[in-house]
Amino acid sequence: MGEQNSGGGKSKGEKAVKATKKAAVKKAPEVVKKAAAKKVAVKKAAPAKKVAVKPAKAESATALVRRARRINRELAEVYPYAHPELDFTNPFQLVVATVLSAQTTDLRVNQTTPALFAKYPTPEDLAAANPEEVEEILRPTGFFRAKTKSVIGLSKALVEQFGGEVPGKLEDLVKLPGVGRKTAFVVLGNAFGRPGITVDTHFQRLVRRWRWTDETDPDKIEAAIGALFPKSDWTDLSHHVIWHGRRICHARKPACGACPIAPLCPAYGEGETDPEKARKLLKYEKGGFPGQRLNPPQSYLDAGGKAAPPLGAG
């Protein structure tokens, strides 16, 4: 009897287990359907997210101004000693040196002008110079015949039209032989303290990399960048951008991995991103080498910068 009761209990238990399994099997398709529905929903939502991200990449005019000014502030901290990299002691020397800097380095000009200014210290002296003698001095700068013609011509214009003095107005400076807007702004900003944007090759390259403008014409670049900054910032901005282009953000292989403004740069990754390899690309004082001026400002020397060697040294 006991065995029969025990056997009956097991039979009921088995029936209960079977009933539970059947119920589970019936519910399973519903769970699978719900899970499948969720997967389908995720797949359908994914393209929508990608589309939503695209408009965020477009930068508003206000955002561009903020980013551009932040980059300038960052560069001001990196290059607090930034200055014109041409040696000069007066406006005349600066305008001549700037004309000579076309198609060559500031270093080469700085190594050449001491002999030029020693022999022809004033506009009157250079205006009356023998072209062949000037050509021989300027030969190391390249295009020396054209440059000789320009510096003698602008010296004669200074003597005949401006009493031997370099004018402090843009409209007067651009009338001088060999002097365009770029040269004029270098002179105005650094010899007269009048704000100007110097759009040289470094400046053009960097502002396009940073997507401050898509313009390629120097005059249009000048106008576009000028609209992003207060006029009082223009001269120092030019120094910051040009210095960064010469030292870190090079034309062929920018040192992205050693760039202090990498988080703000849309072109990050165009150059070397490995920090160690990038550091080997740094130039001038950032790479532990001499700068371009033979007689740099004391602030540059105090910051650890080294003066350039004179022509023919070591």
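If you're wondering where the values come from, they're calculated on a predicted model, not measured in any experiment.
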Exercise for the section: Answer yes or no: is there a side-chain heavy-atom contact under 4.5 Å between Glu270 and Lys253? Expected result: no

Handout entry: Aromatic ring pairing Tyr79/Tyr81, orientation class (parallel under 30°, perpendicular over 60°, tilted between)
Key = perpendicular

Exercise for the section: Say whether, by atom type as modelled, one donor and one acceptor occur between the side chain of Arg293 and the main chain of Pro84 under 3.5 angstrom. Expected result: yes

Practice task
Output yes when Arg246 and Glu85 qualify as a salt bridge under the 4.0 Å nitrogen-oxygen rule, no when they do not.
Solution key: yes

Completion exercise
Sequence neighbours excluded, the answer for side chain to side chain contact (heavy atoms under 4.5 Å, CB included) partners of Glu160 is Lys156

Handout entry: CZ (Arg70) with more than 12 external heavy atoms under 6.0 Å
Key = no

Practice task
Look at atom CD of Glu165 and say whether more than 12 heavy atoms of other residues, nucleotides or ligands are closer to it than 6.0 Å.
Solution key: no

Practice task
For the pair Lys306 and Glu285, find out whether any cationic side-chain nitrogen is under 4.0 Å from an anionic carboxylate oxygen.
Solution key: no

Exercise for the section: Inspect the contact between Arg208 and Glu215 and indicate whether a charged nitrogen and a carboxylate oxygen are less than 4.0 angstrom apart. Expected result: no

Handout entry: Exercise: do Tyr300 and His83 side chains pair donor with acceptor under 3.5 Å
Key = no

Exercise for the section: Please check if atom CD in Glu171 has more than 12 non-hydrogen atoms from other residues, nucleotides or ligands closer than 6.0 Å. Expected result: yes

Problem - Passing candidate, side-chain contact (heavy atoms from CB on, under 4.5 Å) with Leu116, options Thr141, Leu138, Val109 - result: Leu138

Problem - Within one Ile-Leu-Val-Met-Phe-Trp-Tyr cluster: Phe162 and Leu94, side-chain cutoff 4.5 Å - result: yes

Handout entry: Exercise: identify the closest heavy-atom pair between Ala258 and Leu282
Key = CB-CD2, 4.0 Å

Practice task
Please name the pair of heavy atoms, one in Asp106 and one in Gln292, separated by the smallest distance, quoted to 0.1 Å.
Solution key: N-OE1, 3.4 Å

Exercise for the section: May I ask you to check whether Asp125 and Thr122 show a side-chain donor-acceptor distance below 3.5 Å? Expected result: yes

Practice task
Take Lys182 and Phe203 through the test side chain to side chain contact (heavy atoms under 4.5 Å, CB included) and record every step on the way to the result.
Solution key: CA-CA 11 Å; Lys182 183 190 80 171; Phe203 194 94; over 6 Å; no

